[in-house]
Amino acid sequence: QPGRTLQLRVVPFGDDQKLLLTRDITQLEKLETMRRDFVANVSHEMKTPLTVIHGFLETLEDALPDLPQEQALSFIRMAQQQSVRMQRLVDDLLTLSALETDTPTPEEKVDMRNLLDIVLVETKALSSGRHTVSLTVEGAPGVLLGCARDLRSALGNLASNAVRYTPDGGTLKLDWRVVDGCGEFSVTDNGIGIDAAHIPRLTERFYRVDRGRSRETGGTGLGLAIVKHVLERHQATLQIDSEPGRGSRFTVRFPARRTLAG
Ligand code: ADP
């Protein structure tokens with residue numbers, strides 16, 4: 001078959017007969033390529049901040065006696081910024097690997113009023129007055145059955161992306177409602193938007209539309225991969241609607257069995 005890889009093995013059989021064994025290793029090869037790409041990506045993401053930190057430390061060591069204090073401090077701050085970036089990357093990698101284990105998702109009763117308020121406060125803090133941020137809750141917020149920590153991280157990631165990809169002065173809307181017994185959370189921004197061609201790949205690890213912008217705003221490229229895993233573990237779906245230059249909407253739908261009335 002075209003596009004498939006077969007492994008052939010000849011095994012002696014009886015006195016003078018041979019057995020030809022074939023094995024389809026297409027999927028195995030694909031997994032191996034993905035693993036290799038992932039390791040290469042992680043190494044690359046680590047290497048950039050490490051190179052910067054190393055460079056600043058070396059400069060400080062060589063030039064310290066003559067370096068004005070202000071300048072030395074600015075080098076130290078830049079090295080610190082890079083170490084924060086590495087820390088964030090390692091944190092996201094650990095979160096992802098924890099999400100990939102087979103341990104079942106706890107079924108805690110997550111108070112949505114509380115969760116939405118936390119996401120709102122965090123979103124406002126990240127925006128620090130640069131955007132108009134609002135939360136609309138239709139009816140009683142109710143309760144979700146799931147993992148409080150993971151849900152907070154998933155909904156928070158969507159909201160923080162809206163902040164990071166919306167220019168100053170923009171508007172961010174968080175919405176929660178229950179439709180036909182299913183919880184629905186959405187984040188709408190009027191930011192830079194996303195070209196349709198990128199949308200199917202956004203939840204891949206390290207996939208970014210604009211690497212520079214993602215890095216500038218402190219992105220690790222793993223946020224939506226984490227969102228995808230958390231949602232899968234809650235049997236929830238993610239819908240992405242976006243138009244370049246106009247904005248985006250990310251909508252999460254939870255199944256009815258996880259959505260409890262307040
Ligand atoms: P990153 O750390 O790069 O933000 P994510 O996995 O959270 O990583 O997102 C992947 C990519 O999806 C981003 O690099 C960005 O290009 C795009 N993206 C995510 N959210 C938005 C949004 N609200 N508006 C525009 N682009 C977005």
Side-chain angles (χ1 to χ4, degrees), residues 34 37-38 40-49 81-100 119-120 122-127 130-135 150-175 184-233 236-252:
M34 273 169 66
D37 285 354
F38 180 64
N41 271 323
V42 172
S43 317
H44 180 74
E45 297 289 333
M46 295 273 194
K47 198 176 157 82
T48 318
Q81 268 173 19
Q82 295 301 319
S83 69
V84 169
R85 189 173 139 192
M86 271 186 49
Q87 175 88 54
R88 214 177 286 140
L89 178 65
V90 172
D91 285 346
D92 278 358
L93 285 169
L94 288 174
T95 304
L96 258 184
S97 84
L99 285 168
E100 279 171 349
V119 174
L120 178 67
E122 285 176 351
T123 310
K124 283 188 172 167
L126 186 64
S127 157
R130 292 176 293 125
H131 309 90
T132 308
V133 185
S134 64
L135 165 66
D150 291 352
L151 287 171
R152 177 176 168 176
S153 139
L155 305 192
N157 256 312
L158 294 176
S160 76
N161 277 353
V163 174
R164 293 172 41 241
Y165 297 104
T166 301
D168 293 0
T171 306
L172 318 177
K173 292 194 181 107
L174 312 181
D175 284 278
E184 190 181 291
F185 173 79
S186 67
V187 183
T188 312
D189 66 55
N190 61 353
I192 62 172
I194 308 154
D195 200 277
H198 294 288
I199 291 182
R201 300 197 57 191
L202 291 185
T203 57
E204 286 175 23
R205 298 152 170 192
F206 296 118
Y207 189 86
R208 293 144 156 148
V209 176
D210 176 347
R211 189 165 287 267
R213 179 162 189 138
S214 159
R215 290 239 175 91
E216 247 170 57
T217 57
T220 59
L222 296 173
L224 289 180
I226 291 175
V227 170
K228 180 184 144 192
H229 274 84
V230 172
L231 298 187
E232 270 173 7
R233 289 174 72 93
T237 58
L238 176 66
Q239 181 182 332
I240 306 173
D241 300 290
S242 188
E243 215 181 302
R246 288 189 153 262
S248 314
R249 172 177 293 144
F250 287 72
T251 309
V252 178

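Both ligands and their constituent atoms are indexed starting at 1 by order of listing. This is a predicted model, so every value here is computed, not measured. Note: hydrogens, waters and symmetry copies are ignored here, and every other heavy atom, side chains too, is used.
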Inset, instruction - Check whether any side-chain heavy atom of Met46 lies under 4.5 Å from a side-chain heavy atom of Leu89, and answer yes or no. - result: yes
Inset, instruction - Starting from atom 6 (O) of ligand 1, find the nearest protein heavy-atom neighbour and note its residue, name and distance. - result: Leu224 N, 2.8 Å
Legend entry - Heavy-atom side-chain proximity of Phe185 to Asp175 below 4.5 angstrom: no
Inset, instruction - Grab the two heavy atoms, one from Phe206 and one from Arg211, that are nearest each other, plus how far apart they are. - result: O-NH2, 4.1 Å
Inset, instruction - Using a strict 4.0 Å cut-off to heavy atoms of Ser214, name the atoms of ligand 1 that fall inside it. - result: 1 (P), 2 (O), 3 (O), 14 (O)
Inset, instruction - Output the list of atoms in ligand 1 that are nearer than 4.0 Å to some heavy atom of Gly219, sorted by atom number. - result: 2 (O)
Inset, instruction - State, without any angle test, whether Ser242 and Ser248 hold a side-chain donor-acceptor pair at a distance under 3.5 Å. - result: yes
Legend entry - Subset of ligand 1 atoms that lie under 4.0 Å from at least one heavy atom of Tyr207: 10 (C), 11 (C)
Inset, instruction - Would you mind listing every side-chain hydrogen bond (donor to acceptor under 3.5 Å, both in side chains) that reaches into residues 150-160, with sequence neighbours excluded? - result: Glu122-Arg152
Inset, instruction - Could you tell me which atoms of ligand 1, counted from 1 in the order shown, lie closer than 4.0 angstrom to a heavy atom of Gly221? - result: 1 (P), 2 (O), 3 (O), 6 (O), 8 (O)
Legend entry - Which residue and heavy atom of the protein sit nearest atom 7 (O) of ligand 1, plus the separation: Asn161 ND2, 2.9 Å
Legend entry - Heavy-atom closest pair, residues Gly218 and Arg88: O-NH1, 2.8 Å
Legend entry - Atoms in ligand 1 flagged as close to Gly223, the criterion being non-hydrogen separation under 4.0 Å: 5 (P), 6 (O), 7 (O)
Legend entry - Nearest non-hydrogen protein atom, atom 24 (N) of ligand 1: Tyr165 CB, 3.3 Å
Legend entry - Side-chain heavy-atom pair Asp195, Val209 within 4.5 angstrom cut-off: no
Inset, instruction - Tell me which part of Ile194 gets within contact of ligand 1: side chain, backbone, both or neither, using heavy atoms under 4.0 Å. - result: side chain
Legend entry - Contacting atoms of ligand 1, where contact means under 4.0 angstrom from a heavy atom of Val209: 14 (O), 16 (O)
Legend entry - Nearest option to atom 23 (N) of ligand 1, as decided by whichever heavy atom of Ile192, Asp189, Val227 sits closest: Asp189
Inset, instruction - Answer side chain, backbone, both or neither: which part of Thr166 comes under 4.0 Å from ligand 1, heavy atoms only. - result: neither
Inset, instruction - State, with a plain yes or no, whether a side-chain heavy atom of Asn190 is found less than 4.5 Å away from one of Thr166. - result: yes
Inset, instruction - Select one of side chain, backbone, both or neither to describe which atoms of Arg164 lie under 4.0 Å from any atom of ligand 1, heavy atoms only. - result: side chain
Inset, instruction - Would you mind checking which non-hydrogen protein atom is closest to atom 17 (C) of ligand 1, with the distance to 0.1 Å? - result: Leu202 CD2, 4.1 Å
Legend entry - Any Arg164 side-chain heavy atom under 4.5 Å of Ser214 side chain: yes
